[in-house]
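Read through the structure below, which is laid out as structure tokens, and then see the notes.
Per chain, numbering begins at 1; letters A, B, ... match sequence-line order. Heavy-atom basis, side chains included; hydrogens, waters and symmetry copies ignored.
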Number of protein chains: 2
Amino acid sequence: MEEIDRQIMGLLADDGRMSFTDLAKQTGLSVSAVHQRVRRLQKRGVIKGFTAVLDHERIGLPMTAFVSIKPIDPAAPDDAPERLAHLSAIEACHSVAGDESYILKVRVGSPNELEELLQKIRAAANVSTRTTVVLSTPWEGRRPPL
Amino acid sequence: MEEIDRQIMGLLADDGRMSFTDLAKQTGLSVSAVHQRVRRLQKRGVIKGFTAVLDHERIGLPMTAFVSIKPIDPAAPDDAPERLAHLSAIEACHSVAGDESYILKVRVGSPNELEELLQKIRAAANVSTRTTVVLSTPWEGRRPPL
DNA sequence: GCTGAAAGCATCTCGAC
DNA sequence: GTCGAGATGCTTTCAGC
């Protein structure tokens with residue numbers, strides 16, 4: 001049962017639009033049993049949703065970078081995520097252990113756009129930035145081991 | 001037309017299982033026109049696929065870290081991605097500019113598992129590692145600006 | 001590139017076990 | 001938790017513009 005749920009999640013991670021009919025064939029369950037399991041996994045939040053995977057290079061965002069930030073004033077309250085949320089070029093924001101406080105993953109169209117974005121980040125959150133430019137991505141978003 | 005494609009991609013990024021019927025209603029096109037556009041976006045590789053978004057905490061992988069790696073022998077050929085690909089805990093592998101050669105994003109179940117993974121990474125690719133543990137993730141995988 | 005219609009399938013809800 | 005069946009609704013193709 002737990003095993004079948006993992007199988008279903010794997011199949012849906014590989015093809016988020018797979019039909020319940022196909023899921024049923026692959027798992028050996030009936031269509032309605034699979035249907036019920038998927039709905040349950042969604043309700044429990046194990047499956048958070050479904051999304052289209054877009055090619056960043058083909059939608060005008062060929063450049064990726066990691067931006068580590070550190071507050072200028074360490075005594076100030078740390079509300080960087082709220083202050084940065086409006087910058088849609090920031091795909092991810094992780095609070096981290098270590099010398100710096102957050103690691104941001106950003107996508108931009110050009111070095112110029114990256115420069116502008118860094119200025120906006122520094123101004124919005126009152127932080128210093130350290131940027132690591134991605135040269136290529138052998139893989140990304142691989143499905144987790146289930 | 002370009003504009004409508006972006007709208008479609010946005011809708012499918014937000015809900016990867018949205019029906020063509022709903023896409024047609026949202027965009028004001030006919031069902032078959034939307035259908036044709038989605039197929040074209042997939043064929044052109046702009047939409048690379050569809051996937052279920054899973055909650056890592058609820059599938060036994062509550063711990064995330066970034067692992068930067070650097071070759072022990074800088075003269076050796078750089079085939080780290082091939083050597084690391086079998087480690088399924090590595091969700092992403094980015095080649096980067098800077099002092100280190102790759103940044104890996106990893107997901108594990110516990111500090112113990114992280115320690116074991118780091119040993120495997122060092123042994124498999126003959127690299128030194130520098131690990132930054134993620135404490136929390138305000139957001140991640142946000143849809144790109146279209 | 002768009003539309004509308006038609007055939008074939010898939011989804012989703014039942015009642016029953 | 002599972003099944004099968006049925007009504008509803010979706011997908012996919014095609015002819016026509």
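- Residues forming a ring pair (Phe, Tyr, Trp, His ring centres under 6.0 Å) with A:His56 (at least two apart in sequence, or on another chain): none.
- When the C1' atom of C:dC2 is taken as reference, atom CD1 of B:Ile4 falls 10 Å away, rounded to whole Å.
- Residues satisfying the side chain to side chain donor-acceptor pair (under 3.5 Å) criterion with B:Asp15, sequence neighbours excluded, are absent altogether.
- Sorted by first and then second residue, the pairs that involve residues 81-110 of chain A and meet salt bridge (Lys or Arg N to Asp or Glu O under 4.0 Å), not counting sequence neighbours, are A:Lys70-A:Asp99, A:Asp79-A:Arg83, A:Glu91-A:Lys105, A:Glu91-A:Arg107, A:Glu100-A:Arg130, A:Lys105-A:Glu140, A:Arg107-A:Glu140.
- With rounding to whole Å, B:Leu23 atom CG is found 14 Å from C:dT3 atom P.
- Nearest nucleotide to the B:Arg37 side chain, out of C:dG1, D:dG1, D:dG4: C:dG1.
- Atom pair B:Phe50:CZ and D:dT11:P shows a separation of 11 Å (rounding to whole Å applied).
- Side-chain proximity of B:Arg44 to D:dG1, C:dT3, C:dG1: nearest is C:dG1.
- Note: CD (B:Gln26) to P (D:dC10) measures 13 Å, nearest angstrom.
- Rounded to whole angstrom, the span from the CD atom of B:Gln36 across to the P atom of C:dT3 amounts to 10 Å.
- Residues passing the ring pair (Phe, Tyr, Trp, His ring centres under 6.0 Å) test with A:Phe50: none are found, sequence neighbours excluded.
- No donor-acceptor pair under 3.5 Å is formed between the side chain of B:Thr132 and the backbone N or O of A:Gly98.
- Annotation: side chain to side chain donor-acceptor pair (under 3.5 Å) contacts of A:Asp73 (sequence neighbours excluded): none.
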Contact state string [nucleotides 11-17 of chain C, B base, S sugar-phosphate only, - no protein heavy atom under 4.0 Å]: SSB----
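- Across the protein-nucleic acid pair, A:Leu29 atom CG and D:dG4 atom P stand 11 Å apart, rounded to whole Å.
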